[in-house]
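Heads up, the thing below is written out as structure tokens.
Quick note: numbers below take in every heavy atom, side chains included, and nothing from hydrogens, waters or symmetry partners. Each chain gets a letter, A, B and so on, in the order its sequence line appears, and its residues count up from 1.
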Amino acid sequence: MSQVRVRFAPSPTGFFHIGSARTALFNWLYARHTGGVFILRVEDTDQTRNSEEFLNLIYNSLRWLGMNWDEGPGIGGDFGPYRQSERSAIYKEYLERLKAAGRTYEKDGALFFKISGEPQVIEDAIRGRVERTEEKDFVIVRSDGNPVFHFVNVVDDIAMKVTHVIRGEDHLSNTSKHTELFKAFGAPLPIYAHIPLILKQNGPGKMSKRDQGALIEEYQNRGFLPEALVNFLCLLGWSPKDDREKLPIEEVIRLFDLPGINQSNARFDEKKLSHMNMGYLHAMAPDACFAFARDFLAKRKVFGENAPEDAYLREVVLLCQPKIRSFEDLPGFIGYFFSDDYAIDQKAREKVFSKGDPKVRLGELVAALPAADFATDAALEALVQQLAASHGASTGDYIHPARLALSGTPVGPSFYGLLRVLGRDRVTQRLQRFLATA
RNA sequence: GCCCUCAUCGUCUAGCGGCUAGGACAGCGGGUUCUCAACUCGUUAACCGGGGUUCGAUUCCCCGUGAGGGCGCCA
């Protein structure tokens, strides 16, 4: 068996979306699984809708998701060029072959392909035998002289020696046009694998560029982790056949195969993606987590002119890491670490003041601060426990009002970590301010 | 309208003739003598319908129904 050659062939006529990304991913996975070649080919024959900006978006998104291509723009290869807009000489040559075989005719200024009308049968790697008969001749060159998708797509697959065509099910009905052309050129058919489509999370139909949450760029901007998005995409239409879900990409590559792909469409579920992202985020090593967070906060311009010191920011980020689902949550989660100007949640305040003597407890805590050891969470925990024991109170009697006073909110990271990271001065000052105004 | 594909919890899926139909997300309930969006334990919830084939169908076949896609001088 010769080497597997697959291609991802996007057209730069719109933003890069989830469905395209997964098609690319399945091609990439299959290439890596088989030790084959992953080709990137740009289908930019629609000159009125192409844009260089969209093309760059595709390159960037593929790289961000970790899908490196072996042949294609920027890399080269033996079967280039890899942009269809630069391959007109090749199309002309193939067109001549069709003309010479008497398989074309002109009408209304456009060039039509004469179909055979024979039933076209493919053995789809995912769906099995699929038969369809093409009924009408179709245009292969527009009246403006530009060849159309069906023609260039097949010509390039022949010329680039593509062995497996892995694409969305929306192309299944088009396949009879393509096999007609392959046969007209006397070329062997590739192995087809039509993967199920991704349906929009709400409402009918497949996901499109216009749908909420459809764009890859959006997840990048929102601080999602590419590994999480890739893992999620792998599970949309494919599974390892056991109960594992969070899988390293190497493991997916090892297990991935065409017959293991589902036949039915899958609905996109952002909640599950969010959960997957959280799993990856919580597992990040401290250095990586901090680096990602700092970069993300800078892009978001969260601190404006006054960027905090790295050492302090790092403590804050690592303290909050186990509590957030996405870096997107970070700005709203850490504000009070960097500003004394935060609002006190009124509901939480009522709850705190509804029982016991919160002001007395806070007073005791403030009094203990000058001698407290702020070096470790454990030392601070011991302090609060000692305080509680000696005053016949519970640790919660200190923690709840103190958390509210220090952060304004009833939810947040570990309390002792909160004390440690804020530090003695901030804690003292904030508690005193709270007591003075409460 | 014609053609193609698909059909297990709300969602993603495991199952490839005999299972108490499993897992995950979401939901719900409890725990966590520090909250919680984190963690943890538990729990609700599914084989689209009708015919066959078979000793036996979620599983195989047919017909409905439903869902999705294609039928461009878009890709």
Side-chain angles (χ1 to χ4, degrees), chain A residues 9-14 20 43-46 48-50 84 107-112 124 126-128 130-136 138-153 167-177 194 196-199 201 204-206 232 234-246 262-276 278-279 281-282 320-326 329 332-333 348 351-352 381 384-385 388 394-400 402-404 407 409-419:
Chain A
S11 66
T13 55
S20 302
E43 305 217 332
D44 53 352
T45 54
D46 184 353
T48 58
R49 298 197 302 153
N50 284 325
Q84 291 184 332
K107 191 183 171 209
D108 299 330
L111 203 67
F112 281 70
D124 192 279
I126 295 169
R127 282 151 215 289
V130 179
E131 177 180 327
R132 185 171 184 278
T133 303
E134 196 60 31
E135 294 182 340
K136 285 192 313 211
F138 55 93
V139 172
I140 51 176
V141 181
R142 302 185 183 92
S143 48
D144 67 4
N146 287 310
V148 304
F149 163 75
H150 299 300
F151 178 75
V152 296
N153 185 270
R167 51 161 41 158
E169 200 226 55
D170 48 346
H171 285 295
L172 189 53
S173 293
N174 288 328
T175 306
S176 49
K177 286 190 180 70
H194 286 94
L197 302 180
I198 299 176
L199 270 27
Q201 42 190 343
K206 63 173 173 172
F232 172 77
C234 287
L235 264 25
L236 230 46
W238 176 87
S239 89
K241 308 298 180 200
D242 54 32
D243 290 339
R244 289 176 300 168
E245 293 204 323
K246 186 165 180 281
N262 282 133
Q263 307 182 34
S264 51
N265 295 342
R267 201 168 287 277
F268 180 79
D269 181 3
E270 195 169 343
K271 289 234 178 75
K272 184 130 189 180
L273 168 59
S274 172
H275 178 263
M276 185 67 74
M278 183 184 71
L281 196 163
H282 290 179
C320 297
Q321 179 184 7
K323 296 291 182 173
I324 57 175
R325 301 178 71 86
S326 159
D329 299 337
F333 204 80
K351 194 175 174 193
V352 160
E381 182 170 8
V384 174
Q385 278 172 348
S394 75
T395 54
D397 293 334
Y398 295 87
I399 288 166
H400 299 303
R403 177 189 294 285
L404 184 68
S407 71
T409 161
V411 307
S414 153
F415 178 70
Y416 305 112
L418 175 67
L419 292 180

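In this model, no side-chain donor or acceptor of A:Lys272 finds a partner on the base of B:A26 within 3.5 Å. Side-chain to base pairing of A:Lys271 with B:C25: no donor and acceptor N or O lie closer than 3.5 Å to each other. One N or O donor and one acceptor, one from the side chain of A:Glu245 and one from the base of B:G23, sit under 3.5 Å apart.
Contact annotation: the side chain of A:Val141 never approaches that of A:Asn146 to less than 4.5 Å [non-hydrogen atoms, C-beta and beyond].
Shown here is A:Lys351, whose NZ atom has no more than 12 heavy atoms of other residues, nucleotides or ligands within 6.0 Å.
Side-chain atoms of A:Asp269 lie closest to B:U11 of the nucleotides B:U5, B:A24, B:U11. Side-chain atoms of A:Ser264 lie closest to B:C6 of the nucleotides B:U35, B:C6, B:G68. Listed nucleotides B:C12, B:G68, B:C73 differ in distance to A:Ala110; the shortest reach to its side chain belongs to B:C73. Side chain of A:Arg132, nearest nucleotide from B:A37, B:C3, B:U5: B:C3. Checking B:A14, B:A38, B:U5 against the side-chain heavy atoms of A:Val130 singles out B:U5 as nearest.
Map A:Ile399 and A:His171 each onto its nearest nucleotide of RNA chain B; the residue landing nearer the 5' end is A:Ile399. Residue A:Pro413 is the one, among A:Pro413 and A:Ser143, whose nearest nucleotide of RNA chain B lies closer to the 5' end (criterion: closest heavy atom).
Taking the six-membered ring for Trp and the full ring otherwise, A:His400 and A:Phe415 have centroids separated by 6.0 Å or more.
Contact check, A:Thr13 against B:A75: no side-chain N or O comes under 4.0 Å of OP1 or OP2. Between B:C25 and A:Lys246, no contact under 4.0 Å exists linking OP1 or OP2 to a side-chain N or O. Phosphate contact (OP1/OP2 of B:G23, side-chain N/O of A:Arg244, threshold under 4.0 Å): absent.
Straight-line distance from the CD atom of A:Glu131 to the P atom of B:G70: 21 Å, rounded to whole Å. Regarding A:His282, its NE2 atom lies at a distance of 8 Å from the P atom of B:A38, rounded to whole Å. Computed from coordinates, the A:Leu197 CG to B:A67 P distance equals 16 Å when rounded to whole Å. With rounding to whole Å, A:Arg167 atom CZ is found 17 Å from B:G69 atom P. We find that NE2 of A:His194 is positioned 15 Å from P of B:G69, with the value rounded to whole Å. Remark: C1' of B:U13 and NZ of A:Lys241 are 9 Å apart, rounded to the nearest angstrom.
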Determine, stepwise, if the pair A:Phe151 / A:Phe138 fulfils ring pair (Phe, Tyr, Trp, His ring centres under 6.0 Å).
CA-CA 10 Å; A:Phe151 178 75; A:Phe138 55 93; 9.5 Å; no

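Across every strand in view, B:G27 sits in a pair with B:U43 that passes the Watson-Crick or G-U test at under 3.5 angstrom. Pair assignment for B:U65 gives B:A7, based on Watson-Crick or G-U wobble hydrogen-bonding distances that are each under 3.5 Å.
Looking only at atom types and distance, the side chain of A:Asn153 has a donor-acceptor partner in the side chain of A:Glu43 under 3.5 Å away.
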